There are 2 protein chains.
Amino acid sequence: MAKREQVEGVSAGEISDEALDLIATRFRVLGEPNRLKLIRALEGGELSVSGLIEATGLTQANASRHLQTLTQSGILGRRRDGTSVIYHIADPGIFRLCELVCGSVQTLLARHASAFTSN
Amino acid sequence: MAKREQVEGVSAGEISDEALDLIATRFRVLGEPNRLKLIRALEGGELSVSGLIEATGLTQANASRHLQTLTQSGILGRRRDGTSVIYHIADPGIFRLCELVCGSVQTLLARHASAFTSN
DNA sequence: CAACAATATGCGCAATTGCTCATGAAAGTT
DNA sequence: AACTTTCATGAGCAATTGCGCATATTGTTG
């Protein structure tokens, strides 16, 4: 165990600590390149696991695990079709999220870049 | 080493893989409850490290590390004032991000809740 | 400069995570 | 029922991460 923080001085917050945990979990699920790859592959529409494997280059086992993570967190949805399982994006809000992060990252990169050129 | 994926079948993507890595990193930085706590504490305005410690209940060393992470990723900014260091939110886009995630989490929770009540 | 206050950091540890390999489980085909 | 295809999962491993403790660093004050 490596967690032992004071449980004091909380107060003043619109968001409870449990909510914070949920939000953090959400972010953490999205904080994995291969999972983002899977999401990106599903932007164009639903795909089977093998389709996703082909699109992303991931290992079958690895893809399956990430897909499980994404599905459990409500980001993706699944549907059976014969022997294959078809995944789709269940929470379109993801797109706006990624857009926002893209924006932030770009401005960040721009700032870093200008640190080389200007000054 | 535990990373060895095919580097094939990429194609078809508006977002490059490097960009995906950056975005993932961004998400991962936000995927930590204590870091979100720090951000939340800074919503009302800038605070020194000791102020943040008091507001969040984090250990000094721990807070310092998380603040470093947040600053390096461009989310927070720092400023010296005598012996203390004042942190502030440098990327306001964070707020919209959190709002969005809040929304997603809420609908997710609602769905889970309805799984108990309705059926 | 000495002493002090505020913050950062090296180090080691325990927990988590992402991966591969092998195997299990579900559905379709003959 | 045996076989195949498609996907999920248990086991083990290496890397990462979050933490506390102690210590270094930086700035202030006497």
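Model, not experiment: these values are computed from the prediction. Below, read A as the first sequence line, B as the second, and so on, with proteins coming before strands; counting in each chain starts at 1.
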Short side-chain N/O contact from Ser50(B) to OP1 or OP2 of dT7(C), under 4.0 Å: yes
Nucleotide of dG27(D), dT17(D), dA8(D) approaching Ser64(A) most closely (side-chain heavy atoms): dA8(D)
side-chain N/O Arg28(A) vs dT17(C) OP1/OP2, d < 4.0 Å: yes
Expected output: side-chain Thr71(A) to main-chain Leu67(A) donor-acceptor under 3.5 Å: yes
Whole-Å gap separating P (dA8(D)) and CD (Gln72(A)): 11 Å
Distance, rounded to the nearest Å, where Arg78(A) contributes CZ and dA27(C) contributes P: 11 Å
Phosphate-side-chain proximity, Gln68(A) and dA8(D), N/O vs OP1/OP2 below 4.0 Å: no
Interatomic distance, Ile53(B) CD1 vs dC19(D) P [rounded to whole Å]: 13 Å
Any Tyr87(B) side-chain nitrogen or oxygen under 4.0 Å from OP1 or OP2 of dA6(C): no
Nearest-nucleotide comparison on DNA chain C, the residue closer to the 5′ end among Gly82(A) and Gly51(B): Gly51(B)
Which nucleotide in dA8(D), dT17(C), dG18(C) has an atom nearest any side-chain atom of Arg35(A): dG18(C)
Side-chain heavy-atom pair Phe27(B), Arg26(A) within 4.5 angstrom cut-off: no
Among dT7(C), dG10(D), dA8(D), the one nearest Arg65(A) by side-chain distance: dG10(D)
First of Asp81(B) and Ile86(A) reached from the 5' end of DNA chain D, by closest nucleotide: Ile86(A)
Any Thr83(A) side-chain nitrogen or oxygen under 4.0 Å from OP1 or OP2 of dG28(C): no
Side chain Ser84(A), main chain Arg80(A), donor-acceptor under 3.5 Å: no
Charged N-O contact under 4.0 Å between Asp21(A) and Lys37(B): no
Shared hydrophobic cluster, Val105(A) / Leu100(A) (ILVMFWY, side-chain heavy atoms < 4.5 Å): yes
Nucleotide nearest Ser84(A) (side chain, heavy atoms from C-beta), chosen from dT9(D), dA5(C), dC7(D): dC7(D)
Interatomic distance where CG belongs to Leu36(B) and C1' belongs to dG18(D) [whole Å]: 14 Å
Short side-chain N/O contact to dG18(C) OP1/OP2 from Asn62(A), under 4.0 Å: no
Interatomic distance, Arg80(A) CZ vs dA8(D) P [rounded to whole Å]: 8 Å
Whole-Å distance separating the CG atom of Leu47(B) from the P atom of dA6(C): 15 Å
Any donor-acceptor N/O pair under 3.5 Å between dA8(D) base and Gln60(A) side chain: yes
Rounded interatomic separation in angstrom, taking CG from Asp21(A) and P from dT16(C): 13 Å
Options dC19(D), dG18(C), dT20(C), nucleotide nearest the side-chain atoms of Asn34(B): dC19(D)
Minimum-distance nucleotide to His66(B) side chain [options: dG18(D), dC19(C), dA8(C)]: dG18(D)
Spacing between Leu58(B) atom CG and dT7(C) atom C1', to the nearest angstrom: 15 Å
Other residues, nucleotides, ligands: >12 heavy atoms within 6.0 Å of Arg79(B) CZ: yes
